[in-house]
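A, B, ... follow the sequence lines: proteins, then strands. Residue 1 opens every chain.
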Protein chains: 2
Amino acid sequence: MSSPAKHNCSVCSLKKICLPTGVGKDELERLEALVQDTKVHHTSDEVIRQESPFRNLYAVKSGMYKSVKLNDLGEERVVGFHLPGDIIGLDAIYTKTYSSSLVALTTSVLCQFNYDQLVLLSAKMPTLQAQLMRLSSKEINIANAFQNAQTAEQKLAGFIHNLSARNAERGFSSTQLILSMSRQDIASHIGMAPETISRILKQFQSNDILIINKREMKILDPARLLISTGCAHA
Amino acid sequence: MSSPAKHNCSVCSLKKICLPTGVGKDELERLEALVQDTKVHHTSDEVIRQESPFRNLYAVKSGMYKSVKLNDLGEERVVGFHLPGDIIGLDAIYTKTYSSSLVALTTSVLCQFNYDQLVLLSAKMPTLQAQLMRLSSKEINIANAFQNAQTAEQKLAGFIHNLSARNAERGFSSTQLILSMSRQDIASHIGMAPETISRILKQFQSNDILIINKREMKILDPARLLISTGCAHA
DNA sequence: CGATGTATTGAGCATACTCAATCAGTGTGG
DNA sequence: CCACACTGATTGAGTATGCTCAATACATCG
């Protein structure tokens, strides 16, 4: 399921978007010391169990994870996908228990931070405190992002555009995407049937907006993709 | 548009859910001193303009506000409704500009906190820092709340249930609700046509789940309302 | 090579939208 | 004081979008 690994924030390529952002070089060591361990997970590994008590924040070091929420009727819903540099668990600070389970979508690595220790440290490090608030604020924006979409086309275009933008933010390609998640997962996340996902992807392909082969996607026309989201005009 | 008013957190009935939560009595004075002013607004007053630079967080003291987002196509969308004790602007910490406009839905009062000063103060007050993180975390949960709803009935039931729960949290009635917003606003917020709102409210009434007269709603059967949200079973 | 999980395609149908008319409540001016 | 317009809410009829159910294709794996 997982094995320990050595860790060092200062050499991590994600420090520009992760917790260390804005933290001074000397202070970084104190933050590093707080990373209790770094674990490797494999596809379908459950890392966090829904309803378990909140203790740690996690940062994605590599790979991809999904958050899955189960309601009282036993229906599953994918709440979000997590890319390298993403902080997981910020929503549980308020509820004191994790509101969803965390599952690895591919071979992935996670860094673990004890929240109480992080708070103690941030009281002494204004830059860390500021970054914690920024990341929390960012999470609110992410959660609100899908509010705009009305039609299935807009929802799916919005999802792809968003994934592309997050990839770009991390220095990855914004046009060449690997969908580590299944169509089923995408469908669950944006609230539509997997069959509709297929049909609209086909439509995007025949309009030369993108090419998709299994789980590899190439965006040909980012501008028209943006128009399809219903957020911008031609 | 607005007139200054005297302010005092210590005697405010909302301190149990607002910024002062967890802050000691002696420290409260320092937080109070930070409230630059308290303004009275009237129906349709625009308090924050979308895209304007972020400087302040706001707390609702009384009444109700809505956040409205305009996209590049000129389409308006209600992003949220704000009840007394709610903190407004947490999403703008990351973006540095307000992502939506704030409009009063009825005669309402707002407290204003300069964010930079709040951060400086929270560096010296761990309890205030903790509450800022808790409130930010809470906001993530609120933003994720509507993810579950599939059908129009579930969306509307979820909206009413949520409003009822937030009312209860503030010590107001959970069964007697005043809808300060229009049907149009509700429709925009939960993403459906105002006509459908009418029809489903009618359906809830004929099923004796609630009674609605203009903008006054009485919830008769909270249990069946919860079932209608699709989050619980009979 | 069959078996399994994932993705796609097809056909029929239901939900919720659009468009249009009506109704109720509020405010304005003659 | 009442006629008129104006806004918001409701009701009705027709339609389209996206879901459901079912079959098929495709890939991976033991």
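- Side-chain atoms of His41(B) and Tyr65(B) form a donor-acceptor pair, as typed in the model, at a separation below 3.5 Å.
- Rounded to whole Å, atom P of dT10(D) lies 10 Å from atom CZ of Arg215(B).
- Using a distance-only test at 3.5 Å, with no hydrogens or angles considered, no donor-acceptor pair links the side chain of Lys69(B) to the main chain of Glu76(B).
- Atom CD1 of Ile186(B) and atom P of dA9(D) are 8 Å apart (whole Å).
- Bending across the helix from dC1(C)-dG30(D) to dG30(C)-dC1(D), expressed as the angle between its end axes from five pairs apiece, amounts to 20° (10° rounding).
- For Arg55(A), the side-chain contact (heavy atoms from CB on, under 4.5 Å) partners two or more places apart in sequence, or in a different chain, are Pro53(A).
- Rounded to whole Å, the distance from NZ on Lys202(B) to P on dT10(D) is 10 Å.
- Salt bridge annotation for Glu169(B)-Lys16(B): absent, with no cationic side-chain nitrogen under 4.0 angstrom from a carboxylate oxygen.
- Listed by first and then second residue, the salt bridge (Lys or Arg N to Asp or Glu O under 4.0 Å) pairs involving residues 82-95 of chain A are Asp86(A)-Arg166(A), Asp86(A)-Arg170(A) (not counting sequence neighbours).
- Of the possible polar contacts, none joining the Ser100(A) side chain to the Val79(A) backbone as a donor-acceptor pair under 3.5 Å is found.
- Glu153(A) and Ser228(A) share a side-chain donor-acceptor pair at under 3.5 Å.
- A donor-acceptor pair is defined here as one N or O able to donate and one able to accept, closer than 3.5 Å; no such pair exists between the side chain of Ser52(B) and the backbone of Gln50(B).
- The six-membered or imidazole ring of Tyr58(A) lies away from that of His82(A), with a centre-to-centre distance of 6.0 Å or more.
- Here dA9(D) presents its P atom at 8 Å from CD of Gln184(B), a figure rounded to the nearest Å.
- Chain B approaches DNA chain C over the interval dA16(C) to dA20(C), counting the first and last nucleotide 5' to 3' with an atom under 4.0 Å from its heavy atoms.
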### Message
I'd like to compare against my own output: the B/S/- annotation of nucleotides 16-27 of chain D with a strict under-4.0 Å heavy-atom distance to protein.
### Response
--SSBBB-----
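- Every residue two or more places apart in sequence or in another chain that forms a side-chain contact (heavy atoms from CB on, under 4.5 Å) with Thr229(A) is listed here: Ala157(A), His161(A), Leu226(A), Cys231(A).
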